[in-house]
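Quick caveat: nothing in here was measured; it's all calculated off a predicted structure. Letters go in sequence order (proteins before strands), and every chain restarts at 1.
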Amino acid sequence: MENILRKKIAEAVKVLYNGAIDEAQIQIQETRKEFTGDFTFVVFPLMRFSKNTPEKTADDIGKYLTANLSEIEGYNVIKGFLNISIGGKWWTDLFSAFYNSEDLFADCRVKNPEVILVEYSSPNTNKPLHLGHIRNNLLGFSIFRILESCGHKVIKTNIVNDRGIHICKSKLAWVKFGNGETPETSGMKGDHLVGKYYVMFETAYKAEVENLLKKGYDDETARLSAPMMVEAREMLVKWEAGDEEVVRIWKMMNSWVYEGFEETYRLLGVDFDKIYYESETWKDGKEQVLKALEKNILFRKEDGSVWADLTGEGLDQKVLLRSDGTAVYITQDIGTAIARQNDYHFSKCLYVVGNEQNYHFQVLKAILKKMGYEWSDGLIHFSYGMVELPEGRMKSREGTVVDADDIIREMIATARELSAELGKLEAIPDEDKDEIFRKIGLGALKYFILKVDPKKNMTFNPAESIDFNGNTGPFIQYTYARIKSVMRKARSLGIEGDSSLLGSAIPCAKEVGLIKLLRKFAAVVTEASETLNPSLIANYCYDLAREFNQYYHDYSILGEKDPVTRNFRLLLSGKTSVVLYTAMWLLGIEMPERM
RNA sequence: GGUCCCAUAGUUCAAUGGAUAGAACGGCGGUUUCCUAAACCGUAAAUCCAGGUUCGAUUCCUGGUGGGACUACCA
């Protein structure tokens with residue numbers, strides 16, 4: 001319809017003012033709720049043709065359109081805005097077509113599908129996942145579903161940061177203080193147990209540094225020469241040399257962590273097609289660095305460390321190999337990127353990584369480019385904002401983190417408590433209830449995170465926790481469950497929907513409102529895929545659910561006497577539930593059939 | 001010091017350069033013989049400051065103020 005209007009308006013400009021205007025530049029938008037009309041044309045840009053007031057211009061165009069387009073029922077003009085009303089028949093026909101189309105994503109499909117890798121999660125194997133990781137995982141998984149639904153071939157990958165100095169820290173603390181403790185003997189989840197030793201390292205190390213500072217060492221020397229850090233570095237060198245004992249401990253403790261992560265991923269409902277391990281890619285990276293060094297793309301300093309000079313790119317110099325020959329983080333990222341290109345020949349690789357690493361990815365791209373890899377242009381840093389607490393950033397070392405497993409458990413427990421208060425599910429078997437509470441608890445958590453623009457930092461206040469009322473996941477789930485309940489009741493009454501009757505229904509204003517929202521689905525998904533922004537879909541779900549709840553409140557579906565109208569309401573509600581379900585599916589949020 | 005990001009009701013979030021800045025939570029006040037009240041309705045409450053571009057600026061540009069991130073032989 002927008003396109004028809006554009007065409008006709010361009011025609012009107014030609015006929016009325018003898019002017020030529022590019023159809024693409026004609027602004028058609030949905031009429032805002034406060035005004036009557038369905039579509040609004042902003043006439044200001046036309047004034048150079050009409051040489052008249054905005055009001056007169058809008059009126060002229062309105063008259064022309066009404067005379068030349070049968071679908072138009074009327075129009076009104078407010079200032080420079082021409083509000084056009086479309087007849088109800090057009091809307092039911094539109095809904096009828098929408099209802100009968102099987103594939104909701106038909107209009108989202110891209111012409112040229114690409115091979116896209118999405119890297120997300122990227123955990124360190126020295127501590128459990130926290131709320132920040134949850135945001136990462138949810139964004140990554142949702143981006144995957146959105147891009148795939150638009151027709152791309154998407155591969156979910158994960159890079160596990162399982163080596164490096166920080167990994168040695170928890171291992172070292174375990175060797176020193178652990179007395180052979182295991183997940184079995186301690187009863188702790190593996191990732192939490194290892195995390196405990198990481199904290200122990202940091203505590204001991206901090207004490208050593210303070211001690212040295214008191215003795216008059218300067219800050220840098222103190223940090224580098226504290227015994228714990230010296231030992232950790234020695235351990236890393238041993239690890240890189242393949243020292244049997246170090247590797248044994250490393251493997252054992254990492255396996256504990258993986259078991260823990262596996263459980264958290266399962267709870268979150270995310271998974272991966274291919275997992276890369278830093279311990280397997282760092283060597284490639286190191287070789288690549290040495291090769292580039294031979295070609296004088298990189299340079300060696302007197303102490304033996306290897307560097308990239310990026311001052312020509314507006315960046316600094318960046319170390320790639322330490323003076324003791326060990327690899328730093330970016331070395332492995334170079335190796336991983338090359339391995340991925342060889343494995344999948346991707347056109348794009350999305351790195352779902354926090355905005356604190358903006359600089360890192362600039363450097364990574366620049367180095368790969370310097371090394372001659374043209375595909376580095378396809379590396380995209382999907383940079384998202386931090387999850388902050390009211391008092392500021394979460395810091396593992398200071399224990400101010402919201403643990404992923406804890407928050408998930410709490411959300412599910414809250415769902416259970418709220419449900420008990422409402423007392424609607426008493427007749428349902430316990431197993432089914434557990435499943436419902438899991439969906440609701442996680443729905444609340446996931447929606448809370450995904451409704452926020454990924455670029456922005458967001459705040460989580462543990463004291464206030466996450467709502468289950470208002471603009472929330474459970475609100476949308478509830479809307480869905482209500483529709484499903486109506487459907488069940490209709491079936492039990494022997495009422496069947498009949499799409500062939502749709503054509504003769506006359507929609508009320510609320511129904512037109514719903515149809516308008518439903519038809520927007522494809523456009524919203526397309527925009528979300530192009531801007532890599534799941535929050536657009538979350539906000540769409542909310543708008544649609546709210547519109548439906550108002551409708552549901554004001555109109556009876558099954559109580560309607562007129563069979564054509566009742567049928568129309570039933571099918572409209574049914575399609576709304578399908579769209580809600582699908583849109584939430586794109587976010588990785590499950591919908592309960594009842595709640 | 002340098003680079004980048006952010007600034008909207010008490011709080012958490014919205015708003016392709018368009019109309020009277022939209023929600024939710026919290027506050028206050030209502031709605032249940034009727035398909036699920038995790039709902040619906042009403043009410044008070046906000047664009048950090050100063051310029052500029054524009055018919056029109058929360059949005060774009062410049063400067064300032066305030067907050068954050070990065071700038072490690074950490075990851």
Specify the separation, in whole Å, of atom [atom1] of [X] and atom [atom2] of [N].
X        : N     : atom1 : atom2 : result
A:Met458 : B:U11 : CE    : P     : 17 Å
A:Arg393 : B:C5  : CZ    : C1'   : 13 Å
A:Leu224 : B:A72 : CG    : P     : 14 Å
A:Trp239 : B:A75 : CH2   : P     : 12 Å
A:Glu547 : B:A23 : CD    : P     : 12 Å
A:Phe468 : B:C25 : CZ    : P     : 14 Å

Can you identify which nucleotide, out of [options], has its nearest atom closest to the [X] side chain?
X        : options             : value
A:Tyr552 : B:U36, B:A39, B:C25 : B:U36
A:Leu558 : B:A39, B:C35, B:A75 : B:C35
A:Glu464 : B:G18, B:A37, B:U11 : B:U11
A:Arg32  : B:A37, B:A69, B:A19 : B:A19
A:Lys456 : B:A75, B:C35, B:A7  : B:A7
A:Tyr478 : B:A14, B:A37, B:C35 : B:A37
A:Thr459 : B:U12, B:A23, B:G18 : B:U12
A:Ile78  : B:C40, B:A14, B:A19 : B:A19
A:Tyr542 : B:A24, B:C70, B:A14 : B:A24
A:Arg594 : B:C70, B:U36, B:A72 : B:U36

Distance, [atom1] atom - from [M] to [N], rounded to whole angstrom:
N     : M     : atom1 : result
B:U58 : B:C48 : C1'   : 12 Å
B:A21 : B:A9  : P     : 15 Å
B:A19 : B:C25 : C1'   : 29 Å
B:U53 : B:C60 : C1'   : 8 Å
B:U47 : B:C40 : P     : 28 Å
B:G18 : B:A24 : P     : 23 Å
B:C70 : B:A75 : P     : 15 Å
B:U20 : B:A15 : C1'   : 14 Å

Is the shortest side-chain N/O distance from [X] to OP1 or OP2 of [N] below 4.0 Å?
X        : N     : result
A:Asn469 : B:A39 : yes
A:Lys33  : B:U20 : no
A:Ser556 : B:C35 : no
A:Gln357 : B:A69 : no
A:Arg482 : B:A37 : yes
A:Arg322 : B:C74 : yes

Open item on the list: Check for me: is A:Phe44 stacked on B:G18 by the 5.5 Å centroid and 30° plane-angle rule?
Closed with: yes

- [ ] Output yes if the stacking criterion (under 5.5 Å between centres, under 30° between planes) is met for A:Phe81 over the base of B:A19, else no.
- [x]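 So yes, this residue stacks on that base, both cut-offs being met.
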
Quick one: are the ring centres of [X] and [Y] less than 6.0 Å apart?
X        : Y        : value
A:Tyr198 : A:His166 : no
A:Tyr480 : A:Tyr581 : yes
A:Phe475 : A:Tyr542 : yes

TODO: Describe the nucleic acid contact of A:Tyr555 in one word from base, sugar-phosphate, nothing, applying a heavy-atom distance below 4.0 Å.
DONE: base

- [ ] Look at all strands and tell whether A:Met47 reaches a base, only sugar-phosphate, or nothing, counting heavy atoms closer than 4.0 Å.
- [x] nothing

Task: Distance-minimising heavy-atom pair for A:Val319 and A:Val328 - done: O-CG2, 3.5 Å

- [ ] Of all the heavy-atom pairs spanning A:Ile589 and A:Gly443, show the shortest one and how long it is.
- [x]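 Nearest heavy atoms, A:Ile589 then A:Gly443: CG2-CA, 3.8 Å.
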
Under a 3.5 Å limit for both distances, which nucleotide forms a Watson-Crick or G-U wobble pair with [N], could you say?
N     : value
B:U43 : B:G27
B:A72 : none
B:U65 : B:A7
B:U59 : none
B:G17 : none

TODO: Spell out yes or no: do the side chain of A:Thr472 and the base of B:A24 have one donor N/O and one acceptor N/O closer than 3.5 Å?
DONE: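 No, no donor-acceptor pair under 3.5 Å.
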
- [ ] Let me know, please, whether A:Asp453 or A:Leu418 comes out on the 5' side of the other along RNA chain B by nearest nucleotide.
- [x]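 Final value for this comparison: A:Asp453.
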
- [ ] With RNA chain B as reference, determine whether A:Ala545 or A:Leu82 sits nearer its 5' end, using the nearest nucleotide of each.
- [x] A:Leu82

Task: A:Lys33 and A:Glu547 ion-paired at < 4.0 Å - done: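 Yes.
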
Open item on the list: Before you tell me yes or no, could you show the steps for A:Ile412 and A:Ile440 under side-chain contact (heavy atoms from CB on, under 4.5 Å), namely the whole-Å CA-CA distance, both residues' side-chain angles and the distance that decides it to 0.1 Å?
Closed with: CA-CA 7 Å; A:Ile412 296 173; A:Ile440 297 172; over 6 Å; no

Task: Identified salt bridge (Lys or Arg N to Asp or Glu O under 4.0 Å) partner of A:Glu240 from the options A:Lys286, A:Arg233, A:Lys283 - done: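 So, applying the salt bridge (Lys or Arg N to Asp or Glu O under 4.0 Å) to A:Glu240 and each of A:Lys286, A:Arg233, A:Lys283, only A:Lys286 qualifies.
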
